[in-house]
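Take a look at the structure set out below.
All values below come from the heavy atoms of this structure, side chains included, with hydrogens, waters and symmetry mates left out.
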Amino acid sequence: MENTSLWLKNKILLGMTPKEYLKINLTLPNLIAALILCVSVPIMVYRIIYGLGPSTNLSDNYPWGLWIGFDILVGIALAAPGLTLGTAVHLFGMKKYHPFVRPAILSSLLGYIFAVIALMFDLGRYYRIPYLLVWSWGFTSILFLIGWHFFLYINISIVEFSPVLFEWLNLKKWKDFFSKLTVWATIFGVIIAAGHQSALGALYLAARAKLYPLWYSPLLPIFFLLSAIFAGISMVIVESALSHRFFANQIKDFDHAEFDQLTLGLGKAASSALFIYFLLKVFDLVRTENWVYLNTSYGYLYLVEVLGFVLVPAMIFLYAVRQQNAKLTRFAGLLTVLGVVLNRLDVSIVAFNWYLPASQKYYPRWTEIMLTLGVITMLVLSYRFIVNRMAILHAHEESEPESMPMAGKKQAVNF
Amino acid sequence: MGIDRREFLKRTAAIAGVTLLGGSSIAHAADKKDFSKFFTDNTANERDWKIWEKRKKQSQPNGEPYGILVDTTFCIGCRRCEWACNNWNKNPNQPVEKFEASVNEKNSVFNDVRRTHAGNFTVVNRFEKKDRDPVYVKKQCMHCVDPACLNACFVDAFRKTPEGPVIYNPNVCIGCRYCMVSCPFGIPAYEYFSAFHPQITKCTMCYDRVVDGRMPACVENCPAGALIFGSRSELIKTARRRIDSNPGRYINHIYGEQEAGGTSWLYLSPVDFDQIGLRTDVGTTPVPDLTKGYLLGVKIFEMVSAWPLVFGAYYAVSKLREHRNDKHAGGPSDTGKKT
Ligand code: SF4
Ligand code: SF4
Ligand code: SF4
């Protein structure tokens, strides 16, 4: 009893008494989070009790709405940091990016877990999800591939993440065991992640008659994979900037110059990926002679997406790297992330069933938006919870596994 | 008979669910009295699947697959097929007179182009034409030769039966609705208003009747001879003959012969098909072929690329080990490489 409460105090409450802990957590961001959850948790319950009909704007014409378009398509693309950074560091041996690896793996792990949680609300009979794994196999389905790959990838991410977890629990033996598996998990992870990132695009290969021609292409899987790669890199840029601001207390001896250098390096990689993607898009447009569609309202949207959110950030990245401007790199990273959000929503919602009259088109219901917001809030809170407790941001400096004196070390957490 | 009591209560509950949180787009449709969207607990699809499972065990002689030819030039828009379909499949129904009255009503269902819904496997739409009489077109599942829905389903809930109908098994469906995304004709509908056991619904091509040697309910009830049931290959010949021997009556195309790889339902029309709500841009490639190449590619990628990656990893691991051995004496920073 005594031991458990001590453990709780040290590990969960960061060495504070419950009262202190609560007090220190009474902050504006936390209040906002609580407010969001107060609305979205009842909506989740409402969805379960009343079904999809009353809680969403989904229709027979729009079987997939915000929960697939945003929570899955956007969510998974933005959860690619683990894929990109893991590959760079563990496979290509770019050791200098090592400080980014743990946060990247954590965001991938949480990204996938919460995407799947959100998916549960979208599935009509979520309680049957095990059928997919053990009971009834649709081998010809792209979605089958995705389902299995999600399952495998979450397991891989858990393996990749477990050294951190066991370090936190002071279980050195376990930590060492899983550390040895890391390289293997990364390999397997790269294959699996490339498979399902592209498969998300391949889902729409079947919808040729429904997607606006500018977005439909046999190259969709490649577009999705490539954009997941630059989305992943850009997410690392944006996330690390945010973490370094909000978790400054976690990072001792923080070397600004070095951090900026690494950011620029990431920017360079992102810009190459963006340029390849852009060239492929142009090639695709020329090949299909789809440019006749450019002078329509859908065409304008397409141009905004491909020029404003692909070409422009690619140039900004390039310019920023040349000017050694880390701030600009971060801005370009943000732009790229927004571009990927736009692209996924275009494919799944805007350009989907484009020929229907406006009255039959889909727009998300407020309940759908709130539920999505709720899931994102939970993700952010979990991320923060873990970062404040485990060696995510400061792994680099103090990873001698013998000495992980957690308690007392991180007193200064302020939310 | 109108709406029966249980039905009415269920709809009221569904609508109450809608209005509780303010209007949704489906709620708007409720104003237009299209209750078929709210219908739940359809049993037709499940019943047909059970019959299929039973037949699978006995070995039945496989005849030629059936089809249905819709000659839109004969259709008078009486909507009796809708009534018959609802009646046979136990979907919400109304007296047949109400269906027949639509043709002459000013504010009838014909003012909108409708689609199939949870409690509505087939609909007849009217397409007004300037220089000729309106064209009435029945719409339902096309029962594709190589169905997109079957290919899309990740728990393999669809079957193409040797008789022609494409049937669906609600007992494994998880409700991902990818089949709805995939179907090029926009046919499968979902029971969005069932909270705990929603299912996909669609026309069964009356599999239960067809295997008994009867024609589908809608065909049997068509008073104008617009629907003909028979073997698909015979129907294509019939259609061709009609086009050839009645110059000017039809455009020279049998919709469904090639569309999306061919369908069991075939259409003849006096005007271009895209003018009567049938998509002419679905192409002649079966939808499954659009994803086959990719799936094969992924499999090859996963197997082929796995090896160099695995060797690369092995190399990386052994290098790491060497490195560690070198520094064994005192390199505490080394362990930091692993995550
Ligand atoms: S029309 Fe649609 S639902 Fe019917 S068999 Fe073809 S793909 Fe399946
Ligand atoms: S909704 Fe059901 S039938 Fe349709 S693809 Fe998903 S699991 Fe299969
Ligand atoms: S074939 Fe049967 S299920 Fe299909 S529309 Fe006709 S009556 Fe309805």
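Taking 4.5 Å as the limit, some side-chain heavy atom of B/Arg114 sits within range of a side-chain heavy atom of B/Asn125. The shortest side-chain heavy-atom distance between A/Lys175 and A/Pro163 falls under the 4.5 Å cut-off. The shortest side-chain heavy-atom distance between A/Phe177 and A/Leu181 falls under the 4.5 Å cut-off. A/Thr56 places a side-chain heavy atom less than 4.5 Å from the side chain of A/Trp67. The shortest side-chain heavy-atom distance between B/Val155 and B/Cys153 falls under the 4.5 Å cut-off.
For a residue to count as touching a neighbouring chain, one of its non-hydrogen atoms must lie under 4.5 Å from one of that chain's; by this rule B/Tyr294 touches chain A with the side chain only. For A/Asn61, the parts lying near chain B are the backbone and the side chain together; criterion is any non-hydrogen pair under 4.5 Å. Contacts of B/Asn169 with chain A are absent, with no heavy-atom separation under 4.5 Å from either backbone or side chain. A/Tyr355 touches chain B through its side chain: at least one heavy atom from C-beta onward sits under 4.5 Å away, while N, CA, C and O do not. Heavy atoms of B/Ala152 lying under 4.5 Å from chain A belong exclusively to its backbone. At a 4.5 Å heavy-atom cutoff, the contact between B/Leu295 and chain A is made by side-chain atoms alone. In this structure, the portion of A/Ile49 lying under 4.5 Å from any heavy atom of chain B is its backbone and not its side chain. B/Phe185 does not touch chain A: none of its heavy atoms, backbone or side chain, sits under 4.5 Å away.
Between chain A and the options B/Val287, B/Leu290, B/Asp156, B/Ile174, heavy-atom pairs under 4.5 Å are most frequent for B/Ile174. Interface remark: of the candidates B/Ala260, B/Gly297, B/Cys183, B/Cys183 forms the most heavy-atom pairs closer than 4.5 Å to chain A. Of the listed residues B/Val298, B/Asn151, B/Thr116, the one with more heavy-atom pairs under 4.5 angstrom with chain A than any other is B/Asn151. Contact count against chain B (heavy-atom pairs under 4.5 Å) is highest for A/Leu123 among A/Asn353, A/Ile48, A/Leu123. Across A/Pro221, A/Ser198, A/Gly195, A/Gly147, the residue that shares the most heavy-atom pairs under 4.5 angstrom with chain B is A/Ser198. The candidate with the highest count of non-hydrogen atom pairs below 4.5 Å against chain B, out of A/Leu52, A/Ile192, A/Ile68, A/Leu220, is A/Leu52. Looking only at heavy-atom pairs under 4.5 Å with chain B, the residue among A/Pro218, A/Ala185, A/Ala202, A/Ser162 that has the most is A/Ala202. Your options are B/Ala118, B/Cys176, B/Cys179, B/Gly283, and the one with the most heavy-atom pairs under 4.5 Å with chain A is B/Cys176. When B/Glu191, B/His197, B/Arg177, B/Lys292 are compared by the number of non-hydrogen pairs under 4.5 Å with chain A, B/Arg177 comes out ahead. Interface check for chain B: of the options A/Arg125, A/Arg208, A/Arg47, the most heavy-atom pairs under 4.5 Å are formed by A/Arg125. Highest contact tally toward chain B, considering only A/Phe144, A/Tyr204, A/Tyr362, is held by A/Phe144 [criterion: heavy-atom pairs under 4.5 Å]. With respect to chain A, the highest number of heavy-atom pairs below 4.5 Å among B/Phe154, B/Phe158, B/Phe196 belongs to B/Phe154.
For A/Tyr293, the OH atom is loosely surrounded, since the number of other residues' heavy atoms within 6.0 Å does not exceed 12. Around atom CZ of A/Phe188, no more than 12 heavy atoms belonging to other residues, nucleotides or ligands sit under 6.0 Å away.
Of all the heavy atoms in B/His117 and B/Ala189, the pair that sits closest is C-CB, 3.4 Å.
Of the inter-residue distances, the one linking A/Phe352 atom CZ with A/Trp64 atom CH2 reads 8.0 Å to the nearest 0.5 angstrom.
A ring-centre distance under 6.0 Å is found for A/Tyr153 and A/His196. Aromatic rings of A/Phe178 and A/Phe166 (six-membered ring for Trp) have centroids within the 6.0 Å cut-off, being under it.
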| field | side-chain hydrogen bond (donor to acceptor under 3.5 Å, both in side chains) evaluation trace for B/Asn42 with B/Asn91 | value | CA-CA 7 Å; B/Asn42 180 283; B/Asn91 277 332; 2.7 Å; yes
